[in-house]
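Values reported hereafter were calculated over all heavy atoms of this structure, with side chains retained and with hydrogens, waters and symmetry mates removed.
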Amino acid sequence: MATSGDIRKGLCIEFNNDIFKVIEFLHVKPGKGPAFVRTKLKSVTNGKVLENTFSAGNKIEEVKVITRKFQYLYDDENGFHFMNNDDFSQIYINKEMIENAQFMKAGEEVTIILKEADESPLSAEIPPTVYLEVTEADPGVKGNTATNALKRATLETGAIINVPLFIEAGDKIKVNTEDGSYLERVK
C-alpha cells in the first residue's frame with residue numbers, strides 16, 4: 001500500500017473501482033493548511049481523464065502493470081486480436097479498451113498494458129504517429145491554395161481525415177493518432 005507521497009508520472013493506481021494511470025501530478029505545500037497532491041488520472045480501461053486531489057499521507061492502492069509489444073492481427077465485431085511476437089500467443093481486447101483504433105492496420109506493433117497479477121489486458125496504446133496510404137480523396141479545386149484549404153480523404157484503414165489539397169489517392173501520409181490530423185506526405 002502506497003501513500004500520496006509515492007505518486008509519480010506513469011504510476012497505476014486503483015481508484016473508484018477502476019485502474020487509473022497518473023499522467024500529471026503536482027505536490028502542493030501551501031503556507032497555511034496541510035500538503036496535498038493534485039493529479040490528473042487517465043483510466044486504462046476506458047480512457048477517461050479526471051482530476052483528483054489526494055491529501056498528504058492518504059493511502060492509495062498501487063496496481064502493478066507490465067507492458068508488452070504485440071502485433072495487431074485482425075478485428076471482428078466485438079474487438080481486436082493481437083499476437084505476442086516472443087511466444088506467438090494470442091490475446092483479445094474489447095473495442096472500448098483502445099483509443100483511435102481506426103488508425104491501426106494489420107501487422108502494426110502495439111503496446112498492451114497487462115495487469116501483473118493475472119496478465120489480463122487493461123488497455124492498448126497505438127503509436128503516436130502512423131504511416132498510411134490514401135485510398136480515396138476528393139478532388140482539389142485548382143487555385144484554392146492561397147489558404148490552408150483542406151479536403152476529406154479516406155485512408156487504407158477506413159479512417160476519414162482532412163488533408164491538404166495536393167494529397168491524392170495512392171499517396172502515403174504520416175498521421176497523428178491522438179487527434180487524427182495530417183502531419184506530412186511520405187515519399
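- Leu132 and Phe166 fall within the same hydrophobic cluster, where Ile, Leu, Val, Met, Phe, Trp and Tyr residues are linked whenever their side-chain heavy atoms come under 4.5 Å apart, directly or through other members.
- Cys12 approaches Ile19 most closely through the heavy-atom pair CB-CG2, 4.4 Å.
- Of the N and O atoms on the side chains of Asp76 and His81, at least one donor lies less than 3.5 Å from an acceptor on the other residue.
- Of all heavy-atom pairs spanning Asn100 and Glu178, the tightest one is ND2-O, 3.3 Å.
- Within 6.0 Å of the CD atom in Glu62, the count of heavy atoms belonging to other residues, nucleotides or ligands exceeds 12.
- In this structure, Lys42 does not pair ionically with Glu24, as no charged nitrogen and carboxylate oxygen lie closer than 4.0 Å.
- The two residues Tyr92 and Gly79 have their closest heavy-atom pair at OH-N, 3.1 Å.
- Within the 4.5 Å cutoff, the side chain of Thr39 has no heavy atoms near those of the Glu51 side chain.
- The distance from atom CG of Asp138 to atom CD of Glu136, rounded to the nearest 0.5 Å, is 7.5 Å.
- The cluster map of Ile, Leu, Val, Met, Phe, Trp and Tyr, joined by side-chain heavy atoms under 4.5 Å apart, puts Ile98 and Ile91 in the same cluster.
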Show your reasoning for whether side-chain contact (heavy atoms from CB on, under 4.5 Å) applies to Ile60 and Leu11. CA-CA 11 Å; Ile60 55 173; Leu11 177 74; 4.2 Å; yes
Applying salt bridge (Lys or Arg N to Asp or Glu O under 4.0 Å), run through Lys21 and Glu125 and close with a yes or a no. CA-CA 13 Å; Lys21 185 177 191 176; Glu125 296 174 354; 3.7 Å; yes
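- Formation of a donor-acceptor pair under 3.5 Å by the Asp87 side chain with backbone atoms of Ser89 is found in this model.
- Not a single donor-acceptor pair under 3.5 Å links the side chain of Ser43 to the backbone N or O of Lys48.
- For the pair Asn85/Glu109, a side-chain contact is recorded, criterion being any heavy-atom separation below 4.5 Å from C-beta on.
- In this structure, Tyr74 is a member of the same hydrophobic cluster as Met83, with clusters built from ILVMFWY side-chain heavy atoms closer than 4.5 Å.
- Using a distance-only test at 3.5 Å, with no hydrogens or angles considered, a donor-acceptor pair links the side chain of Lys151 to the main chain of Leu165.
- For the pair Ile93 and Ile112, the minimum side-chain heavy-atom distance is below 4.5 Å.
- Residues Val175 and Ile161 form a side-chain contact, since some pair of their non-hydrogen atoms from C-beta on lies under 4.5 Å apart.
- Around NZ of Lys9, the count of heavy atoms belonging to other residues, nucleotides or ligands within 6.0 Å does not exceed 12.
- Counting all heavy atoms, side chain and backbone alike, Ala35 lies closest to Pro30 at CA-CD, 4.1 Å.
- The closest side-chain donor-acceptor pair between Thr3 and Lys59, if any, does not fall under 3.5 angstrom.
- Looking at heavy atoms from C-beta onward, Val22 lies in side-chain contact with Leu41 at the 4.5 angstrom threshold.
- Annotation: Asn17, atom CG; neighbour count of heavy atoms from other residues, nucleotides and ligands within 6.0 Å does not exceed 12.
- To the nearest 0.5 Å, atoms CD1 (Ile66) and CG (Leu114) are separated by 5.0 Å.
- In this structure, Asp171 pairs ionically with Arg185, as a charged nitrogen and a carboxylate oxygen lie closer than 4.0 Å.
- Across Lys105 and Thr157, no two heavy atoms sit closer than the pair CB-CG2, 3.8 Å.
- The cluster map of Ile, Leu, Val, Met, Phe, Trp and Tyr, joined by side-chain heavy atoms under 4.5 Å apart, puts Ile167 and Leu150 in different clusters.
- Salt bridge annotation for Arg68-Glu119: present, with a cationic side-chain nitrogen under 4.0 angstrom from a carboxylate oxygen.
- Within a 6.0 Å sphere centred on OH of Tyr131, heavy atoms belonging to other residues, nucleotides or ligands number 12 at most.
- Minimum heavy-atom separation, Glu156 to Thr135: CA-CG2, 3.6 Å.
- With 3.5 Å as the limit, one finds no donor-acceptor pair spanning the side chains of Thr129 and Asn176.
- Dense packing is recorded around NZ of Lys29, with more than 12 heavy atoms of other residues, nucleotides or ligands lying under 6.0 Å away.
- A heavy-atom distance below 4.5 Å is not found between the side chains of Gln71 and Val110.
- Note on ring orientation: taking the six-membered ring where Trp is involved, the planes of Phe80 and Phe82 are tilted (angle from 30° to 60°).
- Taking hydrophobic clusters as Ile, Leu, Val, Met, Phe, Trp and Tyr residues chained together by side-chain heavy-atom distances below 4.5 Å, Ile13 shares a cluster with Leu50.
- Although no hydrogens or angles enter the test, the distance criterion places a donor-acceptor pair under 3.5 Å between the side chain of Thr177 and the main chain of Pro127.
- Using a 4.5 Å heavy-atom threshold, the side chains of Phe103 and Leu155 count as touching.
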Carefully, step by step, assess Val63 and Phe20 under the rule side-chain contact (heavy atoms from CB on, under 4.5 Å). CA-CA 9 Å; Val63 177; Phe20 289 89; over 6 Å; no
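- For the pair Lys40/Asn52, no side-chain contact is recorded, criterion being any heavy-atom separation below 4.5 Å from C-beta on.
- Counting non-hydrogen atoms of neighbouring residues, nucleotides and ligands closer than 6.0 angstrom, the CD atom of Glu168 reaches no more than 12 such neighbours.
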